[in-house]
Amino acid sequence: MPLLILGFFALQIDRGNIGNAMTDFFMQEVGITQFQFNIGQQLLSTGIVLLEIPSNIILYRVGPTLWIGCQILAWGAVATFQAFIKGKGLGPYLTTRLLLGLCEAGFIPAGLYTMTRWYKRSEISRRFSYYFLGNLFAGACSGLIAYGILHMRGIAGLSGWQWLFLLEGLFTIVVGLIFIAFFPQSPANPRSLIAGKSFRYFTERESAILQARVFKDDPSKLQPGPATKTNQKQQFTNWRILPHFLTTILGMASAHALGAYAPTLVIGFGYDRLQSNAMMTIGAWILLVLNLLWGWLADKYSKRGLMVFLGVLGLWVFQLGNRLLITSSNRDLRFGFLTMATAFMANWHAVNGAWLSLNARSAGERSITMAIFVMGANIAGIAGSQIFQAHDAPVYRTGWTIIVALCSASLFMSIVANAQYWLLNKFQKREGEDRYKY
């Protein structure tokens, strides 16, 4: 778990630091417009969507240690290269964003699937929340880190945002090497690639216990092997996934918008340019705590559907507040609502993924379902990247209206997801137990 969390931390640092770079004249110095910046964000999400499922099929062939580790090294190299596109214009900017997305594709569902091979169903929601802790911790730290690094402007003739990409990209490359060196290959073979036969994380007896407890809890995990074309076809036509998928797309679109523009929005409230990066970490720290709390409550009370609904409801409330306050002169109040919207923008996301995983009927179905789930989050990125437009600045009246509409639709779909399982269980029982978890 610590290595998966560290990998997710690196991913979010490299994916999200462009929002901090914007506060250091990134667009002006590269030579792009705000619309072109948004296109680059869309290309990143598009790259992830394109290779999400192929990446998970490769995972089966080469194993999580080598494949995930190589992914981390690849996107770390691209992230580092971004430091050298100053003055290069649109082409290199779009190319790096697309390559970053292609290299990151499959990492999140690969991690989610790998965890299901190690843990029981009653432990999955918490572990998924722990995994997303890496993402959220990066969000909470990135602004503080950027606040320091952006002050390096002028050192060695580089801009602050160049140092940001350079240092954080090199950090990711180190993480990739650590992952390959230490991550255990499987419960049946708990050795890292580097250690080989000389070191096992668990004894043979402990390894047997690890596998037995998981297989006893969920016999479908006895069916290893790559997802077949039949699995893929079944999942893409599985109507039960649709409410989860739409909840994710509609709810996470605003998260992607805030991820790129939150520091810029804070500047618009009247706060200092560099200070805005540090200020936006407040909501990210609250989100980190809420993410853990939601996962713990979901597992403790076995109420994943309810926790997803409550999370999206909180998001809707605070985004509505942001829309209503667009003309307010009270900058502290506006910052408070933006902070709380950030705190609720994804605390329900990991629980939604765990909920989907629990209702999968085989290993192949579970892996494809996780890939589709993450594809939904990145399709949200394609939509969310164009919510805030230059012609709508600085109030962003249209942008905030769109966000409220999307969150309203997401809230409705979370209700539909709960209702579908309740209705299915009402008419379908298996050995006296509910067939579907909600």
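Starting from 1, each residue takes its place in the sequence as its number.
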Is it true that a side-chain atom of [X] and a backbone atom of [Y] form a donor plus acceptor pair closer than 3.5 Å?
X	Y	result
Asp299	Arg126	yes
Ser357	Gly353	no
Glu52	Val49	no
Trp348	Asn291	no
Ser385	Ile382	no
Asn352	Thr247	no
Asn378	Gly381	no
Ser276	Val266	no
Arg334	Ser329	no
Asp272	Gln275	yes

Smallest separation among heavy atoms of [X] and [Y], with atom names:
X	Y	answer
Ile173	Leu73	O-CD2, 3.3 Å
Leu250	Ala409	CD1-CB, 3.6 Å
Phe245	Ile372	CE1-O, 3.5 Å
Gly111	Tyr131	CA-OH, 3.5 Å
Ser254	Ile403	CB-CG2, 3.8 Å
Leu90	Ile32	CA-CG2, 3.9 Å

Contact between [X] and [Y] at the side-chain level, heavy atoms closer than 4.5 Å - yes or no?
X	Y	value
Trp285	Leu288	yes
Ile13	Phe171	no
Met280	Asn20	no
Arg304	Leu358	yes
Ile18	Tyr93	yes
Glu104	Gln71	no
Leu265	Tyr396	yes
Arg323	Thr401	yes

Determine whether the side chains of [X] and [Y] contain a donor N or O and an acceptor N or O closer than 3.5 Å.
X	Y	result
Gln42	Gln386	yes
Ser186	Arg117	no
Tyr261	Gln41	no
Asn277	Thr23	yes
Ser159	Glu29	yes
Asp14	Thr172	yes
Arg97	Gln82	yes
Trp67	Ser55	yes

What is the distance from atom [atom1] of [X] to atom [atom2] of [Y], rounded to the nearest 0.5 Å?
X	Y	atom1	atom2	result
Asn418	Leu423	CG	CG	11.0 Å
Phe318	Leu338	CZ	CG	11.5 Å
Arg273	Leu150	CZ	CG	7.5 Å
Asn135	Ile108	CG	CD1	6.5 Å
Gln319	Ile402	CD	CD1	12.5 Å
Ser302	Leu297	OG	CG	11.5 Å

CA sep, side-chain torsions, deciding dist, call: Asn330, Leu325, side chain to side chain contact (heavy atoms under 4.5 Å, CB included) = CA-CA 9 Å; Asn330 188 334; Leu325 290 171; over 6 Å; no
Would the number of heavy atoms belonging to other residues, nucleotides or ligands and lying under 6.0 Å from CZ of Phe137 be above 12?
->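 Incorrect, the count does not exceed 12.
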Would one find more than 12 heavy atoms of other residues, nucleotides or ligands at under 6.0 Å from atom CZ of Phe81?
-> no
What about [X] and [Y], are their ring centers closer than 6.0 Å?
X	Y	result
Trp75	Phe107	yes
His391	Phe35	no
Phe132	Trp294	no
His349	Phe373	yes

Tell me, please, whether Phe269 has Arg331 positioned over its six-membered ring: NZ or CZ under 6.0 Å from the ring centre and within 45 degrees of its axis?
->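 Arg331 over Phe269 ring: no.
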Given Thr281 and Tyr147, is the side chain to side chain contact (heavy atoms under 4.5 Å, CB included) satisfied, shown in steps?
-> CA-CA 11 Å; Thr281 65; Tyr147 179 73; over 6 Å; no
Side chain to side chain contact (heavy atoms under 4.5 Å, CB included) evaluation trace for Ser142 with Asn17 = CA-CA 7 Å; Ser142 61; Asn17 57 12; 5.8 Å; no
Please determine if Arg15 and Glu168 form a salt bridge, counting it only when a charged side-chain N lies under 4.0 Å from a carboxylate O.
->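 Salt bridge flag = no for Glu168 with Arg15.
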Are Arg397 and Asp392 close enough for a salt bridge, meaning some N to O gap below 4.0 Å?
->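 Looking at Asp392 together with Arg397, the answer is no, because their closest N to O distance does not fall below 4.0 Å.
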Can you label the angle between the Phe26 ring and the Trp161 ring as parallel, tilted or perpendicular, going by 30° and 60°?
->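 The arrangement is perpendicular - the two ring planes meet at more than 60°.
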Is the Trp296 ring parallel, tilted or perpendicular to the Tyr301 ring (thresholds 30°, 60°)?
-> perpendicular
Stepwise side chain to side chain contact (heavy atoms under 4.5 Å, CB included) check, Phe412 with Trp316 | CA-CA 11 Å; Phe412 173 75; Trp316 177 82; over 6 Å; no
Candidate pair Trp355 and Tyr421, rule ring pair (Phe, Tyr, Trp, His ring centres under 6.0 Å), full reasoning = CA-CA 11 Å; Trp355 189 13; Tyr421 291 124; 5.5 Å; yes
